[in-house]
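Working notes, structure below.
Note that ligands are numbered from 1 as they come in the structure, with each ligand's atoms numbered from 1 the same way. Predicted, not measured: the structure shown is a model, and the values here were computed from it. FYI, side chains are in, hydrogens and waters are out, and symmetry mates aren't considered; it's all heavy atoms of this structure.
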Amino acid sequence: MTDLFSKFDPLIQQRETLLATGVTDPYNLVMEKVISPTVAICNGRETILLGTYNYMGMTFDEDVIAAGKDALDKFGSGTTGSRVLNGTYQGHKECEEALKEFYAMDHAMVFSTGYQANLGIISTIAGKGDYVILDIDSHASIYDGCKMGDAEIVAFRHNDVDALEKRLKRLPADAGKLVVLEGVYSMLGDVAPLKEMIRVSKEASAMVLVDEAHSMGFIGENGRGVAEAQGVLDDVDFVIGTFSKSVGTVGGFCVSNHPKFEIMRLVCRPYVFTASLPPSVVATAATSIRKLMHGSNKRAHLWENSKVLHKGLRDLGFQLGTDEPQSAIIAVIMPDLEQGAMMWEALLEEGLYVNLARPPATPAGMTLLRCSLCAEHSIEQVGEILGRFERAGKRVGIIG
Ligand SMILES: Cc1ncc(COP(=O)(O)O)c(C=O)c1O
């Protein structure tokens, strides 16, 4: 018998070698208690959270929690069904209404996760004979959506408008084309030049999908994302997003003005063949989305936090993923996986949680400590975070 697990041997070996150095497993952390959007108890210690993507800090919002409790009481713990059978409750429709209002778009479709939203929309609209043109650093859910849909995949260099244009020009003029972009790329926290990319896509008669997972709620005047900030939201055919970041719960969605969009509810397999979100979840999502429409003060504070942390880390001598802060993600580049894991652990011992990211999830084989700020981090907490980075960085020898 061929052991089907033998393909994982190199990864098992790499993991064992890392753990043999005595470092704590960075992928096995338990949050023993969560006190607020920015503080939890980990390993018995009060820890500042700087790696949760809880950008707008909605997880402990009083109205959001009240809406979830109320729906739990009134509708029970789960729907036990697909959206197209017994799994569409009033709350799912209210959530879709909130999304339509939030984006000022005609259609909204709620999925059980953002992963499934990408999987479903991309695989359903781009099939055999069509082309998906995507940034090489796209999220796994985008790649998986392409694989499932059977379209021809054409990747272009990260955030490179000329490369996108060249690829588009080589494709048959009358073929179906979907350009897939992200507003913010989550590894380095850099923003896409959507305005130029959408212009060249439209010149090539391609449809455009933008995943605004890391920008919704925060970037743009109304928090609609990078496409709004760059004034091109009207040219985007499909916006994909998630409830697991700024919205502060779980779920995914697609919004669109396409006149035939509603047919997706019958043909999109990751929408049809899975159970819908529990009533309490859609109630928290709808409440949170409506509150995010009026979140401009929080957005301003989050930008401030992002700028202060970026400057502080750079002044301490850390190498960062972007020259300027472009989003609420600040990536600190580590020399290698071993030192990255040591630094991650040293930070945890200081009482600071960040994400350790490594290849293949990261671009160019980098090991990163990804920091994601929250609108609920106080400026004092950001100062504290910088102090903890300085102490840990000196201890591990990342900075002098
Ligand atoms: C760009 C992007 N798209 C989609 C997703 C998937 O979102 P979800 O957590 O809701 O499945 C993520 C999650 O990390 C993401 O970063």
Counting non-hydrogen protein atoms only, what is the nearest one to [atom]? Give residue, atom name and distance.
atom                    : answer
atom 14 (O) of ligand 1 : K245 NZ, 3.0 Å
atom 5 (C) of ligand 1  : H139 CE1, 3.5 Å
atom 9 (O) of ligand 1  : S244 OG, 3.0 Å
atom 11 (O) of ligand 1 : Y115 N, 2.9 Å
atom 8 (P) of ligand 1  : G114 N, 3.5 Å
atom 3 (N) of ligand 1  : D211 OD2, 2.6 Å
atom 16 (O) of ligand 1 : H214 NE2, 2.7 Å

Cation-pi, Y55 ring and K245 (6.0 angstrom, 45 degrees): no
Plane angle bin for Y185 and H158 - parallel if under 30°, tilted between 30 and 60°, otherwise perpendicular: perpendicular
Find all atoms of ligand 1 within a distance of less than 4.0 Å from any non-hydrogen atom belonging to [X], and give their numbers and elements.
X    : value
N118 : 3 (N), 4 (C)
T242 : 7 (O), 8 (P), 10 (O)
T113 : 10 (O), 11 (O)

Member of R83, E96, K93 meeting the side-chain hydrogen bond (donor to acceptor under 3.5 Å, both in side chains) criterion with T88: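 So, applying the side-chain hydrogen bond (donor to acceptor under 3.5 Å, both in side chains) to T88 and each of R83, E96, K93, only R83 qualifies.
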Sub-3.5 Å N/O-N/O distance, E182 and ligand 1: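 Min N/O separation from ligand 1 is not below 3.5 Å for E182.
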Geometric N/O contact A213 with ligand 1, under 3.5 angstrom: no
Beyond-backbone contact of Y27 with R358, side-chain heavy atoms, under 4.5 angstrom: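 Yes, at least one pair of side-chain atoms sits under 4.5 Å.
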pair T367-T362: side-chain heavy atoms closer than 4.5 Å: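 No - every pair of side-chain heavy atoms lies 4.5 Å or more apart.
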Listed partners of F253 passing ring pair (Phe, Tyr, Trp, His ring centres under 6.0 Å), at least two apart: Y103, F243
E46 atom CD, over 12 foreign heavy atoms within 6.0 Å: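 12 or below, so no.
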From CA spacing to verdict: side chain to side chain contact (heavy atoms under 4.5 Å, CB included), L188, L368: CA-CA 8 Å; L188 297 178; L368 303 171; 4.0 Å; yes
Heavy-atom contact check, 4.0 Å cutoff: does [X] meet ligand 1?
X    : result
Q116 : no
G251 : yes
G252 : no

Criterion side chain to side chain contact (heavy atoms under 4.5 Å, CB included) on F60 and I35, from CA distance to verdict: CA-CA 9 Å; F60 280 80; I35 295 166; over 6 Å; no
Part of I240 within contact of ligand 1 (heavy atoms, under 4.0 Å): neither
Candidate pair T79 and S276, rule side-chain hydrogen bond (donor to acceptor under 3.5 Å, both in side chains), full reasoning: CA-CA 7 Å; T79 68; S276 64; 2.7 Å; yes
